Engineer: 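My structure is below; once you've seen it, I'll send some questions.
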Amino acid sequence: MIGTWTRLDAMARAAAVAPDRAAAVALVERAHRAGELSALRQRVSRLSLRNAEAAAMRIAVIAVSCGWCGLDPQAPAAREVADEAFLDLWAAVAHRIDHDQFVALPTLALHNWVPERKPRRHIPIDQLARTEVLVPIVRWAPEGQPLSRLDRLMLAATRLEAHGIWLFRLAETLAGRSPDDSSTPTALRRLVRVQHALRAQLLAEATDLTAAPATPQQRAVLGALAEQGALEPPVLQAAEAVLGIGGRRMGEGRRQLLRRHLPAQHRAWLSAMDRHCAPVRTLAHRGGPDAAVYREAQESLIALRRTYTALVQAAARPTTAPLTAAA
């Protein structure tokens, strides 16, 4: 970020490595007294959408570092808890990107990790994540020190989303397909392979994550996000929209609660998948080889979700033993 916005970047970096919430809050209050937050608020309307999303990532870092991630910045009660000028800036950026609930994993992870070097040509996102070294814009560990467990978890989520692009494509392939269509079981088998690959990727990430350092403040951040249901990877939500597991397990209200952290366009896409993949989900009540493939896809998704949950738990409650394939 450039110009006045470099101050928001510096605040986010300082808040991420603050020893506790009180220290992070003190950073925000000092910026308020210096008039920096009001100056930024006045410039929000001039931001391009891309730069507004970059600002949102930094605001999300500050909000969770201060313990404010569960607040509605426009609610009167929030002003009794959080800094008023920061809430005004938060609300203005939320309005600019048309996304009120952006303080969550998708914003914190997907807008934070970038290639270390800029590729000279266009590279598909999954290949980019596989071939390029990704580095964080804002680190949860001090410069010069190893990445923390929270950094590693966010990196794992970013790579999961990048490699999960094939899952999104398969979801659109299955949308509107009849369960008796000969291409349906083929697409489901590919879905199984993608989900197995994503699970293997998470297991590989686990070794680095469990060996990384952690602090009580980082675990508090992770716990606050988990409490808000704000650690749900978009790629898992897409798979559940296709296979219907989430609707039965969580109920419609709970599923929509998890989706509130995604941009409106993404939420609309998931709702469309709920409807358009309904014919494929009737395989759950049938017999035969096609139904067996559908059930295998469901089982592979359950295993993927459990592995992701184990990774989150390893980040929140450090263990000496790495995550195993049996997790």
Side-chain angles (χ1 to χ4, degrees), residues 11-25 27-28 56-71 81-82 90 101-113 134 136-142 145-161 201-237 250 254 257-262 304-323 327:
M11 285 175 55
R13 293 170 190 264
V17 297
D20 51 39
R21 288 178 175 177
V25 171
L27 286 168
V28 175
M57 181 272 289
R58 290 159 174 84
I59 287 170
V61 169
I62 296 168
V64 297
S65 298
C66 293
W68 297 336
C69 65
L71 297 179
V81 178
W90 179 351
Q101 302 286 338
F102 66 80
V103 182
L105 178 136
T107 301
L108 288 164
L110 305 184
H111 292 303
N112 191 34
W113 288 84
L134 299 180
I137 297 170
V138 176
R139 291 167 52 104
W140 293 95
Q145 295 187 19
L147 293 176
S148 70
R149 280 183 172 85
L150 188 54
D151 286 314
R152 291 286 179 183
L153 178 65
M154 296 298 178
L155 175 58
T158 301
R159 287 176 171 159
L160 183 72
E161 199 68 14
Q201 175 190 319
L202 289 180
L203 290 168
E205 299 272 4
T207 300
D208 287 337
L209 185 146
T210 53
T215 67
Q217 168 69 343
Q218 291 164 8
R219 291 195 287 275
V221 165
L222 190 54
L225 289 170
E227 184 179 350
Q228 296 299 317
L231 284 171
E232 185 78 4
V235 69
L236 295 186
Q237 296 195 49
M250 297 181 290
R254 175 63 176 165
L257 196 65
L258 293 176
R259 289 180 181 178
R260 76 189 190 279
H261 299 298
L262 299 174
L304 174 59
R305 173 169 287 286
R306 286 175 176 169
T307 303
Y308 175 74
T309 300
L311 198 67
V312 172
Q313 291 171 346
R317 296 190 297 274
T319 59
T320 55
L323 189 66

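Side-chain atoms are counted along with the backbone in the values below, which use heavy atoms only and exclude waters and symmetry mates. Bear in mind the structure is a predicted one, so any value in this text is a computation, not a measurement.
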Engineer: Could you work out, with side-chain hydrogen bond (donor to acceptor under 3.5 Å, both in side chains) as the rule, every residue matching Gln201, not counting sequence neighbours?
Structural biologist: His163

Engineer: Would you say the side-chain atoms of Arg58 pair up with the backbone N or O of Ala12, donor to acceptor, closer than 3.5 Å?
Structural biologist: no

Engineer: Of all residues at least two apart in sequence or in a different chain, which pass the side-chain hydrogen bond (donor to acceptor under 3.5 Å, both in side chains) check with Asn112?
Structural biologist: none

Engineer: Do Leu262 and Pro106 have side chains that get closer than 4.5 Å, going by heavy atoms?
Structural biologist: yes

Engineer: Just so I know, are the side chains of Glu161 and Pro234 near enough to count as touching, which here means a heavy-atom distance under 4.5 Å?
Structural biologist: yes

Engineer: Keeping the roles fixed (side chain from Arg149, backbone from Thr210), state whether a donor-acceptor pair exists under 3.5 Å.
Structural biologist: yes

Engineer: Are any non-hydrogen side-chain atoms of Leu155 and Asp208 less than 4.5 angstrom apart?
Structural biologist: no

Engineer: So, the side chain of His261 versus the backbone of Leu231: is there a donor-acceptor pair under 3.5 Å, distance only?
Structural biologist: no

Engineer: Trp140: which residues meet the ring-ring contact (aromatic ring centres under 6.0 Å, His included) condition with it, sequence neighbours left out?
Structural biologist: none

Engineer: Taking all atoms of both residues into account, what is the closest heavy-atom pair of Gln218 and Leu150, and its distance?
Structural biologist: O-CD2, 4.1 Å

Engineer: Within the structure provided, determine whether Leu105 and Leu225 are in side-chain contact (heavy-atom separation under 4.5 Å).
Structural biologist: no

Engineer: Kindly indicate whether the side chain of Arg139, heavy atoms from C-beta on, has any atom under 4.5 Å from the side chain of Met154.
Structural biologist: no

Engineer: In chain order, what residues pass the side chain to side chain contact (heavy atoms under 4.5 Å, CB included) check against Ala23, with sequence neighbours excluded?
Structural biologist: Ala18, Pro19, Asp20

Engineer: Do you know the tightest heavy-atom contact between Val103 and Ala230?
Structural biologist: O-CB, 4.0 Å

Engineer: List in chain and number order the residues that pass side-chain hydrogen bond (donor to acceptor under 3.5 Å, both in side chains) with Glu205, two or more places apart in sequence or in another chain; answer none if no residue qualifies.
Structural biologist: Arg159

Engineer: Could you tell me which residues satisfy side chain to side chain contact (heavy atoms under 4.5 Å, CB included) with Val25, sequence neighbours excluded, listed by chain and number?
Structural biologist: Glu29, Cys66, Trp68

Engineer: Go through the structure and list residues passing side chain to side chain contact (heavy atoms under 4.5 Å, CB included) with Ala211, not counting sequence neighbours.
Structural biologist: none

Engineer: Could I get the full list of side chain to side chain contact (heavy atoms under 4.5 Å, CB included) partners for Ala14, not counting sequence neighbours?
Structural biologist: Leu27

Engineer: Quick one: does Ser65's side chain have a donor or acceptor within less than 3.5 Å of a partner on Ala24's backbone?
Structural biologist: no

Engineer: Testing the basics here: between Pro136 and Leu147, what is the closest heavy-atom pair and its distance to 0.1 Å?
Structural biologist: CG-CD2, 4.1 Å

Engineer: Sequence neighbours excluded, which residues qualify as salt bridge (charged side-chain N to carboxylate O under 4.0 Å, His left out) partners of Arg13?
Structural biologist: Asp9

Engineer: Please tell me if the side chains of Arg21 and Gln217 come closer than 4.5 Å, counting only heavy atoms from C-beta onward.
Structural biologist: yes

Engineer: Can you tell me how far apart CG (Leu160) and CG (Leu304) are? Round to the nearest 0.5 Å.
Structural biologist: 6.0 Å

Engineer: When you measure from the side chain of Thr158 to the backbone of Trp113, do you find a donor-acceptor pair of N or O atoms at a distance under 3.5 Å?
Structural biologist: no

Engineer: Give me the atom names and distance for the closest heavy-atom approach of Ala60 to Thr107.
Structural biologist: CB-CG2, 4.3 Å

Engineer: Is there a side-chain contact between Arg260 and Gln228, using heavy atoms and a 4.5 Å cut-off?
Structural biologist: yes

Engineer: State, to 0.1 Å, how close Ala141 and Pro146 come at their nearest heavy-atom pair, and which atoms those are.
Structural biologist: CB-O, 3.2 Å

Engineer: What are the two closest non-hydrogen atoms of Leu71 and Ala82, and how far apart are they?
Structural biologist: CD1-CB, 3.6 Å

Engineer: How long is the span from the CG atom in Leu153 to the CD atom in Gln313, to the nearest 0.5 Å?
Structural biologist: 11.5 Å

Engineer: Under a 4.0 Å N-O cut-off, is there an ion pair linking Glu232 with Arg305?
Structural biologist: yes

Engineer: Got Pro233 and Leu236 here, is their nearest side-chain heavy-atom distance under 4.5 Å?
Structural biologist: yes

